[in-house]
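The structure appears below as structure tokens.
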Amino acid sequence: VIALILILMVGPGAFAMSPEEIRAAIHSQVSQRHPDPPRDFWETLGPEALPVLKQMIEESVSRVERTWLIEGLGHFSDPSVGAILEAKIKDSDNEVFKKKMLQSLIQSQGDSVLDFVEPYLSDKSPHLRIAVAKGIRLYMKSSVASERLKTYLSSEKEEWIRNEIARKDVARVRTPGKVIQEAVVLASPSPERPLEPLPEKEWSGEWMGVYLSPSGSGTAKAILTREGTSWRVDLKLPKKSRIELKATEAEVQYFQTDHFHWIRVRDKSADRVFTGNRKAK
Amino acid sequence: MRTIASWILLFPVLVLASAGCASKGEQQTSSTLVLPAARLDQSTYSPSRASDSVIGEPVSKGSVTLSTTKVITLNNLGMVRFDDPWSSNEFLVDLGTYNEASDFGPNGSMTLVANVFNYPLSGGAYPVLTSFYVDSGGSITEYVKLTGCKSSGMWTCSGGSCSANSSCTVGSGSAFGSRQDWDQHQVPPYGFVTTNSFPRCDSSLNAWECPFSGGLISGHYYAKYVLLSNSGGSVSGKLAGVEIKVIVKKDTSNRNTGTTNGGINLNLILVGDQNILASRSSAGARNLDLLFSELNRLLSSESGSKLGLNQIKIYEWSDANGGSQYSHVDLDQLGNLFESGSKGLPSEDSGEFVNLFLVSDIVNSGGSYTILGLSGGILGPPVNGTQSSGLAFSSFDQLASFNPNCAGRDPCDRSHQESDFLEMADTIGHELGHYLGLNHPSERPDFRGAQDHDVLSDTPACAYRTLASVNLYLDQRSCYFTDTQIHPAPLANRTCKSACDTATGGGPYLTASLSSQWIDSTSSTYSGSTGWNGDMPQKFCPQTPECQFNHIMWYTTKNRKMQAGVWKEDGNLISPQSSAILQWSEFVR
């Protein structure tokens with residue numbers, strides 16, 4: 001069994017970032033030569049990031065940078081993203097850029113773009129075929145999509161391409177210089193498709209994670225209890241210390257990545273945050 | 001001397017592979033699958049030499065000889081897991097007797113490349129260097145000093161994942177500046193081959209408490225290793241073998257005293273038909289010439305390291321020969337690219353040339369991120385055929401379409417070259433720095449804000465900036481505004497901001513607003529239509545070493561702005577101490 005690791009960092013901008021701050025957060029990631037951003041980077045920017053991202057794509061004078069930004073569009077399901085990407089795909093004659101846009105389009109729009117992307121399953125470029133087939137496998141749920149993928153795979157002559165499409169996506173982040181810090185175990189076996197969101201009624205109970213404040217940080221456990229429309233949070237910290245946040249003090253956000261459910265609890269009365277997760281069942 | 005930010009790992013960090021069945025009687029490397037050598041062809045493109053002013057004349061030092069003095073093979077060695085004490089599994093290796101003058105010279109070095117074979121499980125084992133010392137006739141000089149590791153193990157594991165054991169540390173007076181510094185060489189990013197080279201520091205240069213001043217001394221050299229398995233199951237009673245190659249560089253020149261510090265040889269492997277076809281076009285060939293010219297300029301003059309490019313060999317890895325499988329290489333296939341690709345190179349060039357793989361795209365299938373380049377390691381091995389034997393950078397299939405303003409211009413000066421293209425040369429310079437042994441001066445902070453810095457005293461630290469306590473940014477703005485550290489000697493006892501402002505005659509590099517940290521939305525250069533591109537430096541200070549963004553090993557890409565028909569941009573410095581490290585590299589001749 002190959003070791004599966006993924007990076008875990010508290011993501012940027014969980015709480016009401018201004019457009020300028022969202023720009024800065026994106027710029028900080030885009031400018032890296034070998035980025036290893038938090039896996040949930042785009043999601044934690046929130047829906048407010050989409051107009052900022054679109055504007056940055058229009059403004060950017062760098063093709064490489066613009067491509068990176070377009071990859072970010074894949075994380076937003078707004079229908080406008082589909083229109084933007086379909087137009088750019090039709091215009092592009094660069095295989096790398098076209099591949100990244102197709103990936104983003106499928107990730108963003110799912111089954112609704114099956115007819116648009118299917119012709120690329122017979123493209124002469126193996127990289128476009130791989131990108132589209134992988135995208136269908138990961139992000140489309142309809143039986144029609146599954147059937148078309150099956151049909152394509154039965155006609156694909158290159159074994160390495162079939163293997164590549166079947167290969168599980170593995171996030172490995174041991175970049176030089178960071179060796180293995182910041183990485184955590186990725187649940188195995190990996191689910192083939194993204195998780196269904198965890199209903200709010202199931203947020204109650206224990207979450208394991210990290211507590212962060214200006215005066216210190218550490219591993220912690222949060223116990224969420226529903227109180228009306230809010231949440232009371234009991235934070236259990238190292239050395240048997242604990243903090244109890246009343247429902248009026250705790251701001252709770254939920255988000256998900258491919259394999260984990262996450263919550264982020266912010267203490268509205270103090271500058272401290274808890275981020276924790278539960279592995280998918 | 002810079003202090004190292006403490007880094008206590010609060011989250012589990014490494015998953016262990018489950019123990020699997022061994023294939024009996026079959027010799028395996030620790031990467032389990034032995035990849036075939038790629039079939040490479042000579043390229044039709046070759047870089048123009050001095051006559052075309054591409055990279056000038058070779059700059060060989062003329063004082064360097066290399067030899068593999070020993071290949072040590074040991075069988076039936078016990079192994080440990082990440083959290084196991086080493087107990088009796090640490091083993092001694094006799095490296096032989098060497099003379100300071102006749103074997104090393106004042107600038108010589110010794111490199112140990114170790115590889116496990118006959119690994120009996122799935123996964124692999126790292127040969128971890130736990131000790132390196134010389135016996136000079138009764139007087140012992142230790143180069144690696146560890147404390148707390150032997151009895152308690154390197155890592156603490158729980159539930160199949162591990163974090164660094166804080167009681168296992170690198171002691172003072174060691175050639176490794178920190179636990180992380182040591183880790184980087186023992187647990188490489190790709191594959192399981194470890195590379196360790198000495199000297200790594202010189203107390204007269206590097207300021208931290210090194211075991212010695214000057215070069216390697218005369219005496220009998222020894223090393224100790226443990227084989228660190230990544231198995232999730234017990235490895236008690238499991239045995240493997242190790243091969244340790246001892247490579248000695250003799251260099252009779254003195255360090256940093258001449259007009260040149262020598263040069264390096266490069267293999268450029270064009271991966272995939274798109275890159276190959278581009279190189280055969282006139283625009284693609286011109287751009288490769290410009291790329292080498294720019295890289296040579298960065299290393300030889302702008303960086304201050306006085307390193308040049310010597311021989312350059314170009315190879316093609318065509319789609320028909322399997323190149324298509326690696327031209328859009330996934331991160332987790334990069335080790336296979338390095339191994340298979342470097343095996344296809346002429347064996348006599350192994351260790352003589354640094355391997356650059358030009359791919360179309362480096363794919364991170366675990367996330368939507370564009371990667372410009374990656375090195376096989378911090379200090380890549382001077383041998384071919386390993387999972388770390390090279391560095392890769394992305395062309396984005398633009399080799400023939402870069403620099404449209406160069407059409408009809410021969411030569412095409414920098415002002416007509418694109419920023420994306422110049423950044424590609426910067427990226428190669430940066431990854432090359434990693435491969436030859438250089439770290440980022442500052443690492444991005446982890447999720448708790450803990451941050452590592454290199455151990456050199458002439459590279460500045462750069463602090464990060466935060467938002468809502470949880471957003472940690474290391475960028476030009478954080479170096480300029482947030483970092484209020486007065487950088488001590490040998491830097492000029494100034495902050496980045498004060499030094500940069502002085503260099504520009506008082507003009508600001510960036511302007512401040514929004515708590516002096518975020519995008520400057522009040523600047524006259526900012527407007528809704530120019531957005532974040534408006535948040536660019538007003539005046540550049542490329543020769544100011546107190547600003548980390550002016551160093552070639554700076555973490556992110558560079559700021560660059562066309563002003564009056566000339567590129568104004570951040571610097572690409574290599575500090576004197578960094579240059580000294582490069583001088584010990586086997587590749588620098």
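All values reported here derive from a predicted model rather than from experimental measurement. Atom set for the values below is all heavy atoms of this structure, side chains included, hydrogens, waters and symmetry mates excluded. A note on names: the letters A, B, ... follow the listed sequences, proteins ahead of strands, and every chain is numbered from 1.
- For B/Tyr435, the ring-ring contact (aromatic ring centres under 6.0 Å, His included) test picks out B/Phe587, with sequence neighbours left out.
- To the nearest 0.5 Å, the span separating OG on A/Ser125 from NE2 on B/His328 amounts to 6.0 Å.
- For B/Ser401, the parts sitting under 4.5 Å from any heavy atom of chain A are the backbone and the side chain alike.
- Contact annotation: the side chain of A/Ile161 never approaches that of B/Gln325 to less than 4.5 Å [non-hydrogen atoms, C-beta and beyond].
- Applying the ring-ring contact (aromatic ring centres under 6.0 Å, His included) test to A/Phe76 and every residue at least two apart in sequence or in another chain returns nothing.
- Nearest heavy-atom pair across B/Ser324 and A/His127 is O-CE1, 2.9 Å.
- For B/Ala392, the side-chain contact (heavy atoms from CB on, under 4.5 Å) partners at least two apart in sequence or on another chain are B/Leu334, B/Leu337, B/Phe338, B/Phe357, B/Ile362.
- Listed options B/Trp554, B/Phe393, B/Phe396 were ranked by heavy-atom pairs under 4.5 angstrom with chain A; first place goes to B/Phe396.
- For residues 91-99 of chain A, a heavy-atom distance under 4.5 Å to chain B picks out A/Asn94, A/Glu95, A/Val96, A/Phe97, A/Lys99, given by residue number.
- Residue B/Gln333 holds its CD atom at 6.5 Å from CD of A/Glu164, rounded to the nearest 0.5 Å.
- Of all the listed residues (B/Asp475, B/Thr427, B/Asp319, B/Asp420), the one sharing the greatest number of non-hydrogen pairs under 4.5 Å with chain A is B/Asp420.
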Practice prompt. Could you give me the CA-CA distance, side-chain angles and deciding distance for A/Lys100 and B/Asp361, then say whether side-chain contact (heavy atoms from CB on, under 4.5 Å) is met?
Written response: CA-CA 10 Å; A/Lys100 289 175 181 288; B/Asp361 189 25; 3.2 Å; yes

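- Counting heavy-atom pairs closer than 4.5 Å to chain A, the top residue among B/Gln398, B/Lys558, B/Glu418, B/Gln476 is B/Gln398.
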